[in-house]
Amino acid sequence: MTTAILLILAGLVGLGLGGELLVRGAVGLARRMGISNLVTGLVIVGAATSMPEMVASVQAALIGSPEIAWGNIAGSNLANTLLILGAAALVAPIILTGTGRRDAVVAFSASVMLWLLALGGFASPWLGAALLALLTIYIVWRYRHPRPADEDEHEDEDEIPALWKSVVLFAIGVAALIAGGKYLVDGAVDVARFAGLSETVIGLTVVAIGTSLPELAASVAAALRGKSGLALGNVVGSNIYNILLIGGATMAISPVAIPAELVDIELPMVAATALMVLLLCWFADRIGRVLGAVLLAAFIANIVLILA
């Protein structure tokens with residue numbers, strides 16, 4: 001048990017460090033290559049910040065534990081919407097200016113689609129490829145129909161490193177992510193077996209929260225700098241990537257039905273929270289501290305119910 005816990009801790013450190021280095025290296029490479037801010041933010045940063053979840057899920061699928069991967073996808077989306085958005089709103093109210101509405105529609109649609117796939121027990125490599133194709137269509141659509149703020153969303157980043165430093169950061173980040181993902185999944189599987197918990201539950205809790213920690217830290221830091229509005233874009237974008245990119249890759253590698261444990265409560269919650277964000281984007285002017293506290297309380301309550 002001690003070894004398993006140490007593996008989980010080492011995995012979390014590897015994923016956190018690897019994710020940070022990968023983002024810095026990828027952004028540096030993109031900027032040095034003259035890639036636009038929009039593509040950098042939408043594709044490079046969007047994909048890179050989803051790498052901890054991606055690596056952990058793919059590692060789980062490769063070792064024959066896709067339940068951890070699907071639990072991680074559902075749990076990460078709930079952590080994004082309830083934990084990260086709630087924490088950011090507590091630090092500073094998130095101002096909603098109407099931007100992000102279209103992305104919120106996509107996130108809600110993807111969440112409902114995932115739930116329906118689980119209800120029908122559908123699974124095949126072609127279905128995984130279809131999810132990845134939908135992500136490609138989304139990226140192309142967003143590129144061709146940018147929001148007004150897209151071109152300056154990432155203007156406040158730290159000084160961009162030299163090209164060779166970007167390459168080194170990127171390479172170290174990839175290596176740390178791969179090692180961290182392996183350690184986290186191996187430790188999580190051992191803990192699940194020792195504690196008598198299902199692999200789906202471990203994916204929903206330990207793996208999902210662990211892989212969301214880098215995004216939590218980034219969103220809280222943005223709120224502290226008065227950029228709390230960035231948290232909404234990060235959450236919505238990450239939720240889309242989790243379902244289409246990570247779900248697609250998991251289904252393509254291990255084409256088994258999404259665990260039935262997720263059908264009755266967790267996936268409906270994923271869809272419900274996505275609908276909440278959609279309604280907020282369309283009809284509210286801000287996410288205040290009171291709602292942020294409610295979101296955090298809902299996240300804690302959900303974890304307690306899962307483990308009960």
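For clarity, every value in this text was computed on a predicted model and none was experimentally measured. The first residue of the sequence shown is numbered 1, and numbering continues consecutively from there.
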Say you draw a straight line from CD1 of Ile287 to CG of Leu280; how long is it, rounded to the nearest 0.5 Å?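 Separation between the atoms: 5.0 Å.
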About how many Å separate OG of Ser111 and CG of Leu267, when rounded to the nearest 0.5 Å?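 One gets 9.0 Å once the value is rounded to the nearest 0.5 Å.
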Return the minimal non-hydrogen interatomic distance between [X] and [Y], and the atom names on each side.
X	Y	answer
Ala274	Phe108	CB-CA, 3.8 Å
Leu204	Gly75	CD2-N, 3.6 Å
Arg289	Pro93	NH1-CD, 3.6 Å
Ala69	Ala60	N-CB, 4.0 Å
Val256	Met251	O-SD, 4.0 Å
Gly187	Ile8	C-CG1, 3.6 Å

Tell me every residue that passes side chain to side chain donor-acceptor pair (under 3.5 Å) with Asn242, counting only those two or more places apart in sequence or in another chain.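 Result, side chain to side chain donor-acceptor pair (under 3.5 Å) vs Asn242: Asn77.
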Partner set under side chain to side chain donor-acceptor pair (under 3.5 Å) for Asp190, not counting sequence neighbours: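 Expected list: none.
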Side-chain heavy-atom pair [X], [Y] within 4.5 angstrom cut-off:
X	Y	value
Tyr138	Leu135	yes
Val207	Asn72	yes
Val270	Trp115	no
Asn80	Thr273	no
Met113	Leu131	yes
Thr200	Leu262	yes
Ile94	Arg286	no
Leu295	Met276	yes

Using distance alone, with no hydrogens and no angle criterion, decide if Ser198 and Glu261 have a side-chain donor and acceptor under 3.5 Å apart.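 Result is yes, a qualifying pair exists.
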Under a single-linkage rule joining Ile, Leu, Val, Met, Phe, Trp and Tyr whose side-chain heavy atoms are separated by less than 4.5 Å, which residues share a cluster with Leu169?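 Same cluster as Leu169: Leu17, Leu21, Trp164, Val168, Ile172.
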With sequence neighbours excluded, residues passing side chain to side chain contact (heavy atoms under 4.5 Å, CB included) with Ala179: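 Scan of Ala179 (side chain to side chain contact (heavy atoms under 4.5 Å, CB included), adjacent residues dropped) gives Tyr183.
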Residues in side chain to side chain contact (heavy atoms under 4.5 Å, CB included) contact with Val167, at least two apart in sequence or another chain: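 Expected list: Leu29.
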Salt bridge (charged side-chain N to carboxylate O under 4.0 Å, His left out) with Asp186: which residues, sequence neighbours excluded?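 Scan of Asp186 (salt bridge (charged side-chain N to carboxylate O under 4.0 Å, His left out), adjacent residues dropped) gives Lys182.
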What do you reckon, is CD1 of Ile265 surrounded by more than 12 foreign heavy atoms closer than 6.0 Å?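 No, because the 6.0 Å sphere around CD1 of Ile265 holds 12 heavy atoms or fewer from other groups.
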